[in-house]
Amino acid sequence: MMKTHPLLTAALLFGLASCQSNDKNSDYDRNALDSAAMAAIDTESYRTHIEKLSSDEFQGRLPFTKGDTLTVNYIKDQYTQLGLEPGNGESYFQEVPLVAITSSPTSQQLQFNGTDGELTASYLDDYVIGTPQMAESINVDDTELVFAGFGINAPEYNWNDYEGLDVKGKTVVLMVSDPGRYDENLFKADTMTYYGRWTYKFEEASRQGATGVLLIHETAAASYGWNVVRNGWVGPQLSLIPENQGQDLVKFQGWVSNQTAKKLFEIGGLDPELMNEAKKPGFKAVPMNVRTQVSLNNTIKESKSNNVVGIIKGTDRPDETIIYTAHWDHLGIGEPVDGDSIFNGAIDNATGVAALFELAKAFKAAQVAPERSVVFLAVTAEEQGLLGSQYYAENPIYPLSKTVANLNMDSFNPVGAMNGFRVVGTGQTELEDYAILSGAKFDRKLMPEGNPTSGGFYRSDHFNFVKVGVPGLYMGSGGEYLDTDTVALQQREQALAGRYHAVTDELDQHWNFDGIIADVRLFFDIGYTLSMDTAFPNFKAKSEFKELGDKRLSK
């Protein structure tokens with residue numbers, strides 16, 4: 001639902017790994033570019049797909065809507081025209097069963113009662129709330145708030161915010177990110193771990209038996225403003241259908257603004273400075289001396305969306321697959337802003353879906369056909385928590401043990417071409433080495449990761465492949481812009497800033513496609529190199545996923 005795209009404010013992000021030469025195929029030179037494939041990646045056709053997918057006709061591409069049907073059929077039609085075979089038996093679709101829960105507070109005002117005063121919080125302005133439970137109504141007559149720091153239980157980092165704490169019947173109030181953001185000697189320093197993700201905090205609160213969980217929004221730590229939280233929580237919240245209809249999960253979950261959180265501390269007679277104390281080892285959870293009650297009415301709709309799958313079968317090792325992914329969904333129709341209520345999602349992520357088509361053209365045009373199979377997977381419901389890719393990873397069409405890599409494309413940079421590229425999660429997978437090899441062919445170097453504290457490695461669809469031991473690459477432009485007209489460049493940057501999860505994420509005259517096309521060509525060369533190789537890249541030695549990768553490759 002909420003991810004950050006540094007490319008939207010400066011440039012994009014991402015990473016790659018170790019390569020072995022393949023002497024068997026004398027027609028393939030891993031150090032050369034395939035000119036026919038490069039020429040097949042075309043700006044005009046790419047732009048046409050962006051224009052179509054991000055048009056008002058597609059209504060913001062929200063799953064379970066008319067925009068869902070239009071989008072998946074459009075992708076299927078393009079796959080057919082490009083000559084891709086159906087990727088799921090005789091079908092281009094993989095059904096993804098989902099539930100949409102639309103929660104409405106019975107009152108727009110949430111009342112908090114503390115020992116030193118009261119606070120009335122306004123829905124959407126001060127807080128957002130929903131439930132993961134498939135229940136028509138949620139009624140919590142009374143719950144005590146407990147400040148539990150980051151809400152992290154991480155034995156490997158000797159950190160447990162829940163130590164000695166019984167949260168049954170209580171609501172935990174938690175900070176976003178993890179302690180490494182504030183102390184380089186903790187966790188992975190300024191590189192966020194999965195413990196910093198909002199999804200983890202909701203999951204752990206449920207494991208601990210809490211009744212509710214409220215996250216404290218802070219723009220720098222979250223890497224997005226309150227507007228992104230607000231936009232993301234308006235309307236239906238999608239999830240895979242939970243076990244036991246979610247009855248084992250928290251009854252409610254949501255966010256409060258930073259200003260609201262500080263007031264909650266104050267009405268409980270506490271100093272908001274406690275939030276800084278919670279960043280230090282040894283912090284113990286603190287009762288906030290505040291109570292509240294929550295009442296929600298829920299509309300529940302079970303339905304199916306679709307991942308869309310096409311394939312080019314390999315000539316020599318068709319059972320081994322390289323999977324390109326891009327999520328096709330966005331936020332649909334929401335609150336009007338200056339009369340516009342459609343979240344068109346041009347950058348996020350019509351750019352990625354259109355790239356799937358250009359890549360398919362390139363593989364079809366390649367002078368030597370790929371030896372491994374190449375899969376083009378457009379996934380659903382990324383904005384709601386990476387759900388389509390999660391479903392695929394848990395129900396793979398192609399065996400994970402024979403899946404070579406996932407190359408994920410999400411939100412290309414429309415400002416202009418750059419002299420390098422960035423990898424989200426630098427140092428995680430051996431795919432970085434492939435990216436470096438391919439980048440050299442374009443005179444592009446691997447640049448330092450733009451904003452590792454944002455936890456981008458855990459925020460897009462490649463992460464669901466990573467969680468099952470398949471190396472995933474998520475990357476984009478980095479370094480310096482090649483455009484020497486600094487005035488025009490600055491004007492484009494300013495015009496394109498602030499579009500993430502906003503109604504302004506549209507295709508317009510400010511776009512420059514040079515950098516996107518360069519990135520798509522880089523993605524092609526990486527995948528093509530992998531498709532002609534015999535190696536199975538793994539995770540790097542210091543990655544927390546190395547053991548998973550080893551286990552997968554041992555099967």
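It should be emphasised that the depicted structure is a prediction, and the values quoted were computed from it without experimental measurement.
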Are Tyr392 and Phe465 an aromatic pair, judged by ring center distance below 6.0 Å?
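Aromatic pair counts; centres sit under 6.0 Å.
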
Between [X] and [Y], does any side-chain N to carboxylate O distance fall below 4.0 Å?
X: Glu266; Y: Lys263; result: no
X: Asp178; Y: Lys188; result: no
X: Glu204; Y: Lys201; result: no

Within the structure provided, determine whether [X] and [Y] are in side-chain contact (heavy-atom separation under 4.5 Å).
X: Asn538; Y: Asp550; result: yes
X: Leu240; Y: Gln390; result: yes
X: Ile216; Y: Met275; result: yes
X: Asp271; Y: Phe265; result: no
X: Leu238; Y: Leu387; result: yes

Short question: side chain of [X], backbone of [Y] - any donor-acceptor pair under 3.5 Å?
X: Asp340; Y: Ile342; value: yes
X: His217; Y: Tyr224; value: yes
X: Thr143; Y: Thr171; value: yes
X: Ser295; Y: Asn139; value: no
X: Asn464; Y: Ala393; value: no
X: Arg499; Y: Glu506; value: yes
X: Thr403; Y: Ala405; value: no

Quick one: salt bridge (Lys or Arg N to Asp or Glu O under 4.0 Å) partners of [X], sequence neighbours excluded?
X: Arg291; answer: Asp142
X: Asp190; answer: none
X: Asp116; answer: none
X: Lys279; answer: none

Counterpart residues, ring pair (Phe, Tyr, Trp, His ring centres under 6.0 Å), relative to [X] (two or more places apart):
X: Tyr182; value: none
X: Tyr200; value: Tyr195
X: Tyr157; value: Phe187

Take Ile267 and Val290 through the side chain to side chain contact (heavy atoms under 4.5 Å, CB included) test and state the conclusion after the steps.
CA-CA 7 Å; Ile267 67 169; Val290 176; 3.8 Å; yes

Drop me the distance from [X]'s [atom1] to [Y]'s [atom2], to the nearest 0.5 angstrom.
X: Leu174; Y: Leu214; atom1: CG; atom2: CG; result: 8.5 Å
X: Met288; Y: Thr115; atom1: CE; atom2: OG1; result: 10.5 Å
X: Gln111; Y: Glu118; atom1: CD; atom2: CD; result: 5.0 Å

Which residues pass the side chain to side chain donor-acceptor pair (under 3.5 Å) test with [X], not counting sequence neighbours?
X: Ser257; answer: Thr260
X: Thr380; answer: Ser305
X: Tyr123; answer: none
X: Gln94; answer: Asn307

Between Phe147 and Phe283, how do the two ring planes meet: parallel, tilted or perpendicular, split at 30° and 60°?
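The arrangement is perpendicular - the two ring planes meet at more than 60°.
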
Look at the rings of Trp233 and Phe202 and say which category their plane angle falls in: under 30° parallel, 30 to 60° tilted, over 60° perpendicular.
perpendicular

Crowding at CD, Glu547 (>12 non-hydrogen neighbours, <6.0 Å)
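Count not over threshold, so no.
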
Kindly determine whether Val234 and Leu124 satisfy side chain to side chain contact (heavy atoms under 4.5 Å, CB included), including the steps that lead there.
CA-CA 8 Å; Val234 172; Leu124 298 182; 3.9 Å; yes

Ring pair (Phe, Tyr, Trp, His ring centres under 6.0 Å): which pairs involve residues 328-352, sequence neighbours left out?
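As it turns out, the ring pair (Phe, Tyr, Trp, His ring centres under 6.0 Å) pairs with a partner in residues 328-352, which skip direct neighbours, are His330-His501.
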
Going through the checks in order, is the side chain to side chain contact (heavy atoms under 4.5 Å, CB included) test met by Val294 and Ile129?
CA-CA 9 Å; Val294 171; Ile129 199 166; 3.8 Å; yes

